[in-house]
*Asks:* 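Below is one structure. I have some questions about it.
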Protein chains: 2
Amino acid sequence: MAHEAQKAIARQSLLLKSLPEQHVDTLLSHAIWRRYDRGETIFLQEEEAKAVHVVLAGWVKLFRMSPTGSEAVVSVFTRGESFGEAVALRNVPYPVSAEAVSPCEVMHIPSPLLLSLMREDPEIGVSILAATFSHLHALVAQLEQLKAQTGAQRVAEFLLNLCVNDKGGCEVELPYDKMLIAGRLGMKPESLSRAFSRLKTVGVRINRNHAVISDVVGLRDYAESDPSEK
Amino acid sequence: MAHEAQKAIARQSLLLKSLPEQHVDTLLSHAIWRRYDRGETIFLQEEEAKAVHVVLAGWVKLFRMSPTGSEAVVSVFTRGESFGEAVALRNVPYPVSAEAVSPCEVMHIPSPLLLSLMREDPEIGVSILAATFSHLHALVAQLEQLKAQTGAQRVAEFLLNLCVNDKGGCEVELPYDKMLIAGRLGMKPESLSRAFSRLKTVGVRINRNHAVISDVVGLRDYAESDPSEK
DNA sequence: GCCACGACATGACAATAGTCAAGTTCATGC
DNA sequence: GCATGAACTTGACTATTGTCATGTCGTGGC
């Protein structure tokens, strides 16, 4: 059974936050709450979806194995984020696999429950679409980055997304392994290392999983500049 | 007003094909039917979505402009395909722009109509989710290609998707400009040219917009082989 | 028919990223 | 404490791709 703290996190997720209290209670009380160890599989590509997943703690990566065995990281989720909405409601196989990349707490909402509630109140469909749209948007943004930016620029954007303040300097912690960051940004770990050292010229220092950005505006200029201008 | 032939195409779209006849009739009779010339804009990034779009004839590209002015093609749609579902139902701005890349016929379903119908019958929400999921899936597949395959391999997959038969040889027409194919595959036109000439060694001949594939199985092997093995 | 322009092909070169190998650091188990 | 192994960094080299320049080929306008 779930702690109140976990329920509070679930309530804040994009999927649930705009639903009527009463429905949220129903969903939370029928949900399955599970802990995953680092490296543990949550579901596999081609498996049939039976639930929608909400991350309560830790980090989960979605990835795809190509026929050759190399893996492509599609997205990385953390506290308060949900995934699998569009798949769960249609009884189709997952297009990706999901794996815990740190110890995780994940809530699973059985899809039949969500479906039956949706037939009662169409507003739930809108909530699901909202969450799905945000995934769609994230994928589009990622595609644009891959097609229009160099590796170092993608790293710069990644760091900027970790910053809270939008000017001056700031210090951030890298949220997960550099290997995973590299995968998420579509490059090899070696290239990520080199991208980091290239960013030294625009005021970025990396030490372990700690990053110091001395000039956020300058870094943003770098990220958005034309690759051919450098 | 629409020809019956156009309505028939719309009925076959993923968005509408599984809906009850009665709802489809309502939607079709309130839809807006428009013709677009090559190069004409259908909507712009950041514009607020007011409709869902169904392509009846021609080709439409969705693309994103990066801050530097370079464009990244996100997807290309043709007869029977719909786009903008998840955006239209949420009153959020489009994350992409849409442009006709050939003379086009496009049907627009006003989103308030779709929303009100959805509140009557939640099944419509499922249909919209189905269409949205297929876009999500396509983006994930594209991401995987970009991250795990070389340019020539992406071109090989593109050609394979145009083939109907799955063994032996086949001949296909390239559906649109090579410039657009290049954009869709995340490369420059020059790189596409070179990818084509590289594919000569696996039995692919390109002449104008006509492609001859002498060995579909061999080409598939090539597309799925490890990039480092060549 | 001729011209102009855009799409496309190709060569030379530069920039970028992947590969392979060697070495460092750090967390873990014993 | 020490050994082990995984994550990470760095260097040298290669492969791939982008850039720029040039040339060809067709299509559409006149």
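Keep in mind that what you see is a predicted model, and the values were worked out from it rather than measured. Within every chain, numbering begins at 1; the chains are lettered A, B, ... in the order of the sequence lines, protein sequences first and strands thereafter.
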*Asks:* Only counting residues at least two apart or in another chain, list the ones meeting ring-ring contact (aromatic ring centres under 6.0 Å, His included) with His210(A).
*Replies:* none
*Asks:* Please give me every residue in residues 173-191 of chain B whose heavy atoms get under 4.0 Å of an atom in DNA chain D, ordered by residue number.
*Replies:* Gly186(B), Met187(B), Lys188(B), Glu190(B), Ser191(B)
*Asks:* Need one value for Arg198(B): base, sugar-phosphate or nothing, where a base atom within 4.0 Å counts as base even if backbone is also close, heavy atoms only.
*Replies:* sugar-phosphate
*Asks:* Under 3.5 Å, which donor-acceptor pairs do the side chains of residues 213-220 of chain B form with other protein atoms, sequence neighbours left out?
*Replies:*
residue   : atom : partner   : partner atom : Å
Ser214(B) : OG   : Gly203(B) : O            : 3.1
Asp215(B) : OD1  : Val217(B) : N            : 3.3
Asp215(B) : OD1  : Gly218(B) : N            : 3.0
Asp215(B) : OD2  : Gly218(B) : N            : 3.3

*Asks:* Which residue pairs pass the salt bridge (Lys or Arg N to Asp or Glu O under 4.0 Å) test when at least one of the two sits in residues 170-183 of chain B, sequence neighbours left out?
*Replies:* Arg38(B)-Asp177(B)
*Asks:* Between atom CD in Gln149(A) and atom P in dT17(D), what is the gap in whole Å?
*Replies:* 19 Å
*Asks:* Holding to salt bridge (charged side-chain N to carboxylate O under 4.0 Å, His left out), I want the full list of residues that pass it with Glu47(A), two or more places apart in sequence or in another chain.
*Replies:* none
*Asks:* Please report the distance, rounded to the nearest Å, between CG in Leu192(A) and P in dG18(C).
*Replies:* 11 Å
*Asks:* Please tabulate the protein-to-nucleotide N/O contacts below 3.5 Å involving nucleotides 22-26 of chain C, giving atom names and distances.
*Replies:*
none

*Asks:* What is the separation between atom CZ on Arg38(A) and atom P on dA27(C), rounded to the nearest whole Å?
*Replies:* 13 Å
*Asks:* How many whole angstroms separate atom CG of Leu199(B) from atom P of dT16(D)?
*Replies:* 13 Å
*Asks:* To 10°, what angle do the rotation axes through the five end pairs on each side of the helix from dG1(C)-dC30(D) to dC30(C)-dG1(D) form?
*Replies:* 40°
*Asks:* Heavy atoms from C-beta onward define the side chain here; which of dT10(C), dT19(C), dT9(D) lies closest to that of Arg194(A)?
*Replies:* dT19(C)
*Asks:* Assess the residue pair Phe77(A) and His135(A) against the criterion (ring-ring contact (aromatic ring centres under 6.0 Å, His included)); give the C-alpha distance rounded to whole Å, side-chain angles, the decisive distance to 0.1 Å, and a yes or no.
*Replies:* CA-CA 11 Å; Phe77(A) 293 114; His135(A) 297 154; 5.4 Å; yes
*Asks:* Roughly, in whole Å, what's the span from NZ in Lys147(B) to C1' in dA17(C)?
*Replies:* 15 Å
*Asks:* Got a sec, which pairs hit ring-ring contact (aromatic ring centres under 6.0 Å, His included) with one end in residues 144-174 of chain A, sequence neighbours left out?
*Replies:* none
*Asks:* Calculate the interatomic distance between Ile206(A) atom CD1 and dA7(D) atom C1'; express it in whole Å.
*Replies:* 15 Å
*Asks:* The criterion is salt bridge (charged side-chain N to carboxylate O under 4.0 Å, His left out); which residues satisfy it with Glu81(B), sequence neighbours excluded?
*Replies:* none
*Asks:* Sequence neighbours excluded, which residues qualify as salt bridge (charged side-chain N to carboxylate O under 4.0 Å, His left out) partners of Arg11(A)?
*Replies:* Glu21(A), Asp25(A)
*Asks:* Any heavy-atom pair between the side chains of Phe83(A) and Val60(A) that's under 4.5 Å?
*Replies:* yes
*Asks:* If you look only at pairs with a residue in residues 169-205 of chain A, which of them pass as a ring-ring contact (aromatic ring centres under 6.0 Å, His included), with sequence neighbours excluded?
*Replies:* Trp59(A)-Tyr176(A)
*Asks:* Mind checking salt bridge (charged side-chain N to carboxylate O under 4.0 Å, His left out) for Glu190(A) and listing every partner two or more places apart, or none if nothing turns up?
*Replies:* none
